[in-house]
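Note: hydrogens, waters and symmetry copies are ignored here, and every other heavy atom, side chains too, is used. In what follows, chains are A, B, ... by sequence order, proteins preceding strands, each numbered from 1.
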Amino acid sequence: MTKLMMIDGNNLIYRAFYGITAPLQTADGRPTNAVYGFMLMLLRLLQDEKPTHILVTFDAGKVTFRHETFSEYKAGRQKTPPELSTQFPLLKELIEALGIKQYELANYEADDIMGTLARLADEQECETIIVSGDQDVLQLASAHVRINLLKGKGVGDVLPHGPEQIMERFGLTPLQIIDLKGLMGDSSDNIPGVPGVGEKTALKLLHEYGSVENLLENTDKLKGKLKERIEDNKESALLSKKLATIFREVPLPLEWDELAYGGADREAAVPVLRQLQFNSLIEKIPYADGEDGAETDEDPFAEPAPKAADRPPLDVRIADEDTLGELAEFLPRVSVIHAETHGDNPHHAELVGLMLHGEERYDYVPFELLKSPQAAPILEWLEDPEAPKNGYDLHRLDLVLHWHGIAFAGAAFDSQLAAYLIDPTETATNVSGLAVKYELPALTEDDEVYGRGAKFAWPEAETLAAHSARKAEAIEAIIPKQRELLERFEMNRLFFELEMPLSRILADMEKQGIAVNPEDLEKLGGEFEIEIKRLQSEIYAHAGMEFNINSTRQLGEILFDKLGLPAKKKTKTGYSTDAKVLEELAPQHEIVQIILQYRQLAKLQSTYIEGLLKEIRPETRKVHTYYRQALTATGRLSSQYPNLQNIPIRLEEGRKIRKAFVPSEPGWTILAADYSQIELRVLAHISDDAGLKDAFLHDMDIHTKTAMDVFGVTREEVDSNMRRSAKAVNFGIVYGISDYGLSQNLGITRAEAANFIEQYFAVFQGVQQYMHDIVEEAKKDGFVKTMLERRRYLPEIHAKNFALRSFAERTAMNTPIQGTAADIIKLAMVQVDAVLNERGLKSRMLLQVHDELVFEVPEDELELMKTLVPETMEGALKLSVPLKADVSFGANWYEAK
DNA sequence: CAATTCACG
DNA sequence: ACGTACGTGAATTGA
């Protein structure tokens, strides 16, 4: 069975452009939203229709044979926006890479090509689907040709139109669609039609007279204004009909076999998708059918993409017990190390082997071999801090080796960290992605070597070694390019003196872990459980029925349909039931407050009691988080498996969780030190605002001081409400203020919020100047920087879309502040670590929570640490205002507050 | 797998 | 008129 699908490429890319508003772009800032939307649609069509032959047609150039008939054809059309026109070559490249035939022909439009092919297909009784958003193509429908008309705007669903559906919808045959256009005209193509005749009138006339020609012969039967209009526009109607007629005799040099499609060529498609940063689509590309797809592989039009297998083979060796001795001698010349591992959590990941690459050699060492006595020199080399190692994500490698009983040291250049500094919003998450970014030959994806999800299986050593060698080869090629960029961006100190040393410190903290008492959690969980049960039954009683309170849908039905409470806010999928909404509803029905309490406890129970219990290692009673050092856009760390940066503190019930976090040795103490107002202090420094600096130089309560200045009152006159407002304004300033955001936060009107902001800027003029200047800087450079030269690109600063541009502007204001604060605590960590080592202290740094460091400290070091830690933190970076760190300690993290 | 909600700084 | 506060991770529901 053959099935031909033809796609109006121009039409689809336009709809995708206006339908997908997400700010998608390539690494170098070219927009890709339309290409993305096109791909989504294409993938859906492939899945739904499973065509055996495909053609994507485009309009070639501006002028067609229709202009000879009517020079004004398509006149007055808006010029294609440049953000879209740049996407045409990207789309065409992608279609080619997917192995799909595309065609355009001078003087003809996409419609004409499709019409001609549809005629041929119809004659051969070949099932044919035409995809477009343009109603014109409905004229092509026939017994074998169906039109999938795009619904609404954007690239959502399609409405299939055969002759029956057209009859049902318009009461017309497909060919009468041409008459319809002749009468109605088409403003987008500048086809005039008959002025004053729209769809309704045109349909009425056609139902009566059948065709434009017949209508014109019978104008005497019409009356009034309509008769006048039609008689006055006879020629226009006939011309319009001619223009709307799709030409079905285009000379096509296409061969049927050229259109055959047997599934995507992933080898060719994946690199292109990566370049477009469509990482999420990669898994959605269906594999070519290996057996019967063979004949479609010989597409003469498709440019052969560079394939890993086509390149000269590498000198890959698989080590065994006999060759380990020789390999040991080679170690000093190893430049890149790469581990083949499996699993997201590095504390639990499997390790199957190591690739050691230097000069032209690639040595693969199966993990098992490292246990043999002959491997001792390799283990020594691995843990030698003086033996430098380069690689991709050495932090992770360190952890995986650690849990396999192997020590690691000497990380010199981590390509993942370099990539992160060069562009922290970089989406490349593995070596393959990086290879694409640096324009190296494509690598085979890990998924293709290993299989994904349940299908995962380690391949044989030869396959693994070859795959690993290609990655090591790529890393080797990427590093010099990164060195150059780091140099050019003046990031050498940030990289070599901050991020690289920090990476080892983080690994140490993670390996150390923090002790958590499961008994404490279980006891607290038991109390929560009783309360949750009680709240649950109260909720059921109030609702008059049982339902799943955790289901927002069911909860919404109960609150807003059954109990009739007023819906405040809608989400994409129904009623919103978030805490803000519920708090507004609380006065209206008793059940609401109970639901809020239930939500709070359910969250504590599932995430922090049950979730944390699962992460405790029974042998050591410790949890080991994993800090992602190359993830956030601002330079902060993030914490996973478990996240120890969001342990409850704001509400007392949750705060009790912290009692379970204890020292791992008897007699020791938990000590915590946190920066006070670090972001506002950074702002004071960066903005050089006199008032803000003065406030910190005198160590004033910054929110009270802000309230005094904004409201023009004395210290004594500042009430709690004024301080609260001032605090919200200060937060807003750090986030990149907007009146709307502040109004939402304070529950005041936008005008009132705008007034606050105006007052604030009148007082803190240096801050106002900074906010202005930083946005200008972002516009000029395309990025903003922190004090330590960390950068973040903001391409959307130029967006025409207000929301996108505003977001970029707020980000420009916030990132240097949040990012510099992140720089500072990272500096402090490196310095604290150095001091602990220099002094030979036993105290250990365990956690970082953005502005806080947590340690465990033996009795005899407590007094020292109480001054050493805050002093080091305060001296981490010299600003024009003092940094301040508060320290506290206790038997557990709850007490160290 | 997306959407919703909520925990933290 | 537009429509969000900045930065994260995890659990749950319901396709």
Side-chain angles (χ1 to χ4, degrees), chain A residues 21 280 283-284 344 424-425 453 547-556 569-582 595-596 598-612 614-615 625-628 631-651 653-655 657-658 674-675 677-679 683 728-746 750 753 757 792 799-819 821-822 825 847-852:
Chain A
T21 50
S280 66
E283 300 139 38
K284 295 185 180 161
D344 289 334
T425 52
F547 66 101
N548 187 345
I549 309 168
N550 295 326
S551 162
T552 50
R553 205 177 80 183
Q554 294 180 37
L555 181 61
K569 194 162 70 171
K570 293 280 259 177
T571 64
K572 277 184 194 173
T573 52
Y575 303 116
S576 172
T577 66
D578 67 21
K580 192 164 169 281
V581 168
L582 294 187
I595 291 166
L596 280 165
Y598 170 90
R599 279 252 178 98
Q600 187 202 333
L601 290 182
K603 173 84 173 184
L604 294 176
Q605 188 75 306
S606 66
T607 306
Y608 298 103
I609 301 288
E610 291 163 6
L612 210 49
K614 279 183 220 154
E615 296 288 345
T625 191
Y626 171 51
Y627 290 106
R628 298 282 304 264
L631 183 136
T632 72
T634 55
R636 276 187 174 186
L637 301 177
S638 92
S639 158
Q640 291 178 313
Y641 320 128
N643 181 355
L644 293 184
Q645 291 182 322
N646 70 346
I647 302 301
I649 189 165
R650 292 172 188 167
L651 300 175
E653 293 91 326
R655 191 172 197 159
I657 306 266
R658 294 182 173 228
D674 68 303
Y675 280 114
Q677 303 295 353
I678 187 168
E679 292 190 340
L683 175 63
V729 173
N730 279 330
F731 267 98
I733 291 293
V734 169
Y735 291 154
I737 195 125
S738 74
D739 50 12
Y740 180 85
L742 183 63
S743 73
Q744 292 298 299
N745 190 284
L746 281 176
R750 215 167 133 162
I757 295 169
R792 176 175 181 179
K800 273 184 289 181
N801 179 303
F802 174 88
L804 291 181
R805 191 179 62 248
S806 303
F807 188 24
E809 288 170 358
R810 290 195 300 275
T811 310
M813 301 181 215
N814 170 265
T815 296
I817 303 170
Q818 189 183 121
I825 195 164
L847 303 177
Q848 190 252 45
V849 193
H850 309 307
D851 66 355
E852 175 187 16

task: Using heavy atoms and a sub-4.0 Å distance, could you list which residues of residues 572-579 of chain A are near DNA chain B? By number, please.
output: A/K572, A/T573, A/S576, A/T577, A/D578, A/A579
- request: Would you indicate, yes or no, if B/dC8 has its OP1 or OP2 atom less than 4.0 angstrom from a side-chain nitrogen or oxygen of A/R650?
  value: yes
- request: Answer yes or no: does a side-chain N or O of A/T571 lie under 4.0 Å from OP1 or OP2 of B/dT4?
  value: yes
- prompt: Do A/R792 and A/T815 have a side chain donor and acceptor closer than 3.5 Å?
  reply: yes
message: Taking any heavy-atom pair under 4.0 Å as a contact, classify A/G732: base, sugar-phosphate, or nothing.
response: base
DNA chain C: 5'-proximal contact among A/I733 and A/Q554 (nearest heavy atom): A/I733
query: What do you reckon, do A/Y740 and the base of C/dT4 stack, with centroid distance below 5.5 Å and planes below 30°?
result: yes
message: Using whole Å, what does the distance between atom P of nucleotide B/dA7 and atom CD of A/E653 come to?
response: 10 Å
task: May I ask you to say what A/A728 touches in the nucleic acid, namely base, sugar-phosphate or nothing, with a heavy-atom cut-off under 4.0 Å?
output: base
query: With sugar-phosphate meaning primed atoms plus P, OP1 and OP2, does A/Q818 contact a base, only sugar-phosphate, or nothing at under 4.0 Å between heavy atoms?
result: base
task: For A/S639, report the nucleic acid contact type (base, sugar-phosphate, nothing); a contact means any heavy atom under 4.0 Å.
output: sugar-phosphate
task: Examine C/dT13: is either OP1 or OP2 under 4.0 Å from a nitrogen or oxygen in the side chain of A/N548? Give yes or no.
output: yes
- request: Measure distances between side-chain N and O atoms of A/R553 and base N and O atoms of C/dG14, and say whether any donor-acceptor pair falls under 3.5 Å.
  value: no
query: Side chain of A/R750, base of C/dG3: donor and acceptor closer than 3.5 Å?
result: yes
- request: Scan A/R792 against the nucleic acid and name what it touches under 4.0 Å (heavy atoms): base, sugar-phosphate only, or nothing.
  value: sugar-phosphate
Side chain A/R805, main chain A/K800, donor-acceptor under 3.5 Å: yes
field: Test side chain to side chain donor-acceptor pair (under 3.5 Å) applied to A/D578 - qualifying residues, sequence neighbours left out
entry: A/K569
- prompt: What are the two closest non-hydrogen atoms of A/S743 and A/A753, and how far apart are they?
  reply: N-CB, 3.7 Å
- prompt: For A/N643, which contact category applies under a 4.0 Å heavy-atom criterion: base, sugar-phosphate, or nothing?
  reply: sugar-phosphate
- request: Looking at every strand, decide which applies to A/I647 at a 4.0 Å heavy-atom threshold: base, sugar-phosphate, or nothing.
  value: sugar-phosphate
query: With sugar-phosphate meaning primed atoms plus P, OP1 and OP2, does A/D674 contact a base, only sugar-phosphate, or nothing at under 4.0 Å between heavy atoms?
result: nothing
- prompt: Within the structure shown, what part of the strands sits under 4.0 Å from A/R599 by heavy-atom distance: base, sugar-phosphate, or nothing?
  reply: sugar-phosphate
Heavy-atom closest contact (A/I733 atom, A/L683 atom, distance): CG2-CD2, 3.4 Å
- request: Report the distance from atom NZ of A/K603 to atom C1' of C/dA10, rounded to the nearest whole Å.
  value: 6 Å
message: Need one value for A/V734: base, sugar-phosphate or nothing, where a base atom within 4.0 Å counts as base even if backbone is also close, heavy atoms only.
response: nothing
Contact summary for A/L742 and A/I757, nearest pair of heavy atoms: CD2-CG1, 3.9 Å
field: A/Q640 (side chain) donor-acceptor with A/P642 (main chain) under 3.5 angstrom
entry: no
task: For A/E852, answer base if it contacts any base atom (sugar-phosphate contacts may also be present), sugar-phosphate if it contacts only those atoms, and nothing otherwise; contact means non-hydrogen atoms under 4.0 Å.
output: nothing
message: Is it the case that the base of C/dT8 and the side chain of A/R636 share a donor-acceptor contact (distance under 3.5 Å, atom types as modelled)?
response: no
- prompt: Base, sugar-phosphate, or nothing: which does A/L631 touch, judged by heavy atoms less than 4.0 Å apart?
  reply: sugar-phosphate
Ranges pairing with ranges for DNA chain C, where each run has three or more Watson-Crick or G-U pairs under 3.5 Å: B:1-9 with C:6-14
query: With a non-hydrogen cut-off below 4.0 angstrom, is A/L742 in contact with a base, only sugar-phosphate, or nothing?
result: base
Modelled atom types, side-chain donor and acceptor of A/Y608 and A/N646, under 3.5 Å: yes
field: Separation of the P atoms in C/dT4 and B/dA3, to the nearest angstrom
entry: 14 Å
message: Roughly how many Å apart are B/dA7 and C/dG3, using the C1' atom of each and rounding to a whole number?
response: 26 Å
query: Between A/L804 and A/A799, what is the shortest heavy-atom contact and its length?
result: CB-CB, 3.9 Å
task: Answer yes or no: is there an ion pair linking A/R658 with A/E653, defined by an N-O contact shorter than 4.0 Å?
output: no
Under-3.5 Å donor-acceptor pair between A/S738 side chain and C/dT4 base: yes
task: Name the nucleic acid region contacted by A/A633, choosing base, sugar-phosphate or nothing; use a 4.0 angstrom heavy-atom cut-off, strictly under.
output: sugar-phosphate
query: If you take all heavy atoms of A/Q645 and A/V849, which pair is closest and at what distance?
result: O-CG1, 3.7 Å
